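Counting starts at 1 for both ligands and their atoms, in listed order. Scope of the values below: all heavy atoms of this structure, side chains included, with no hydrogens, waters or symmetry mates. Here the structure is a predicted model, which means the values were calculated and not measured. We count residues from 1, following the sequence as given.
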Amino acid sequence: MGTDQDDPWKRLGMTRCLARSKGRAQGFSSLLLALALGTPAAAQQADSTDRLPLRQRLVAEQLVARGIRDSATLAAMLAVPRHEFVPPDVQRLAYADTPLPIGHDQTISQPYIVALMTELIHPSPGDRVLEVGTGSGYQAAVLAAAGCRVWTIEIFEALANEAQARLQRLGYPDVAVRHGDGYAGWPEKAPFDAIVVTAGAEAIPSALVHQLAPGGRLVMPVGDPYTDQRLVLAEKDAGGRVTTQYLVPVRFVPLLRGVR
Ligand code: SAH
């Protein structure tokens, strides 16, 4: 006879929460279960049960309902404890559908945008990924939980140090944090299978295009930060030719110059 401990649904606390989710999201409950149980990188994160019902709801209502389908991305969003990445005064909003302040006039992005950027690079285990704009370290943790090896650069020294300590404490050994100006990328670690830039600029910095491997994907907000910024996906083919697609409108903080 089975007990709650034997029942993976109950073990993950999924039945109740997913039963409450609406519409298209409901059809994805079994997919989510498979994700939660089947992705080794996500499963490694020790804190995967703390506030899990809040993340289950976030995944169903903010991500699956809006069309996020990549299994590694959904598993990572389910696994990473977003509340650990925000300041105490906004922790109660950690799973809300919104960006949040993280100090130094910077923000942690809305969960949907983090998931969308992750999905757009098609993360697969062992991918080498550069992130520009570490901030809290949340996007880097999501990439790591999706199986990637991550190098991330932050221009504010205090944020870089905090993110590094946080990622170490939470158990993300596959993330390396550097304090510096991400315009130059991280040439010693190039080429990268993917590059995620989480601050906006008028154009994709050329150093980042150079550091993208053939077959690689780069995603970043491009355009005027206050009027017309869009997420851009740039793909480099096997011959080194780059094509870009302008996707959804977004609002990101600007990519700054000069370390702070
Ligand atoms: N990815 C972050 C949020 C990004 S906010 C997270 O998950 O929390 C954008 C971040 O980019 C800020 O922390 C900002 O300080 C940083 N930033 C801005 N310009 C930069 C640059 N040139 N190089 C590296 N980081 C930069």
Side-chain angles (χ1 to χ4, degrees), residues 55 58 62-63 73 76-77 79-87 90-91 93-96 98-121 123 129-146 148 150-167 169-170 172 175-187 189 192 194-209 211 218-223 225-226 229 231 250-260:
R55 288 195 293 286
L58 182 157
Q62 298 178 37
L63 309 184
T73 300
M77 295 295 291
V80 179
R82 185 172 159 93
H83 61 277
E84 296 279 5
F85 292 81
V86 299
V90 292
Q91 225 174 43
L93 297 172
Y95 296 100
T98 180
L100 292 168
I102 55 169
H104 302 273
D105 287 332
Q106 304 304 320
T107 52
I108 179 174
S109 304
Q110 179 192 13
Y112 170 67
I113 295 294
V114 173
L116 180 61
M117 292 176 88
T118 307
E119 178 172 74
L120 283 169
I121 64 155
V129 180
L130 173 69
E131 182 197 23
V132 174
T134 315
S136 67
Y138 178 68
Q139 172 79 74
V142 168
L143 291 164
C148 305
V150 185
W151 288 265
T152 179
I153 308 174
E154 168 56 49
I155 205 162
F156 282 95
E157 189 169 18
L159 286 176
N161 291 340
E162 283 165 31
Q164 184 162 38
R166 177 179 294 122
L167 288 161
R169 174 171 62 83
L170 296 173
Y172 294 92
V175 181
V177 182
R178 170 191 265 189
H179 169 228
D181 182 344
Y183 263 97
W186 196 323
K189 299 294 177 187
F192 297 100
I195 299 179
V196 175
V197 184
T198 60
E202 292 290 339
I204 302 173
S206 57
L208 300 185
V209 177
Q211 290 171 30
L218 177 153
V219 62
M220 83 171 273
V222 173
Y226 302 104
Q229 198 181 58
L231 218 49
V250 285
R251 191 172 296 183
F252 274 78
V253 293
L255 195 61
L256 305 169
R257 293 277 199 176
V259 290
R260 285 129 209 265

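- In terms of polar-atom proximity, Ile155 is counted as a contact of ligand 1, with an N or O under 3.5 Å from an N or O of the ligand.
- For residues 98-116, the side-chain hydrogen bond (donor to acceptor under 3.5 Å, both in side chains) pairs, not counting sequence neighbours, are Asp97-Gln110.
- Contacts between Glu131 and ligand 1, counted as non-hydrogen atom pairs separated by less than 4.0 Å, involve the side chain only.
- Residue contacts with ligand 1: Gly182 is placed with a nitrogen or oxygen under 3.5 Å of a nitrogen or oxygen of the ligand (distance criterion only).
- Side chain of Gln211 to backbone of Trp186: a donor-acceptor contact under 3.5 angstrom is found.
- Nearest protein heavy-atom contact of atom 9 (C) of ligand 1 is Thr198 O, 3.3 Å.
- Contact between Arg260 and ligand 1 is absent, with no heavy atom of the residue lying under 4.0 Å from the ligand.
- Among protein heavy atoms, the minimum distance from atom 7 (O) of ligand 1 is reached at Gln139 N, 3.0 Å.
- Inclusion of Ser109 in the set of residues having an N or O under 3.5 Å from an N or O of ligand 1 is not warranted.
- The side chain of Gln106, and not its backbone, has at least one atom closer than 4.0 Å to an atom of ligand 1 (non-hydrogen atoms only; side chain from C-beta on).
- The shell of residues lying under 4.0 angstrom from ligand 1, judged by heavy atoms, includes Pro254.
- Looking at heavy atoms from C-beta onward, Val86 lies out of side-chain contact with Tyr138 at the 4.5 angstrom threshold.
- Neither the backbone nor the side chain of Ala140 comes within 4.0 Å of ligand 1, counting heavy atoms alone.
- Listed for the His179 side chain is no donor-acceptor partner under 3.5 Å among the backbone atoms of Ile153.
- The shortest N/O to N/O separation between Gly133 and ligand 1 falls below 3.5 Å.
- The minimum heavy-atom distance between Thr152 and Ala140, with the atom names listed, is CG2-CB, 4.2 Å.
- Tyr95 and Arg82 are not linked by any side-chain donor-acceptor pair at a separation below 3.5 angstrom, with hydrogens and angles left out of the test.
- Atoms of ligand 1 found under 4.0 Å from any heavy atom of Phe156, numbered from 1 in the order shown, are 15 (O).
- Taking distance alone, with nitrogen or oxygen atoms compared against 3.5 Å, Leu255 stays at or beyond that limit from ligand 1.
- Considering both main-chain and side-chain atoms, Ser136 comes within under 3.5 Å of ligand 1 through a nitrogen or oxygen pair.
- Under 4.0 Å from ligand 1, the heavy atoms of Leu159 that appear belong solely to its side chain.
- Ranking protein heavy atoms by distance to atom 15 (O) of ligand 1, first place goes to Glu154 OE2, 2.6 Å.
- Distance alone, capped at 3.5 Å, places no donor-acceptor pair between the Glu131 side chain and the Val150 backbone.
- Ligand 1 has an N or O atom lying under 3.5 Å from an N or O atom of Asp181, backbone or side chain.
- With sequence neighbours left out, Gln62 forms a side-chain hydrogen bond (donor to acceptor under 3.5 Å, both in side chains) with no residue at all.
- What sits closest to atom 19 (N) of ligand 1 on the protein, heavy atoms only, is Leu256 N, 2.7 Å.
- Not a single N or O atom of Thr107, backbone or side chain, sits closer than 3.5 Å to an N or O atom of ligand 1.
- Thr118 and Gln139 form a side-chain donor-acceptor contact under 3.5 Å, judged by distance and modelled atom types alone.
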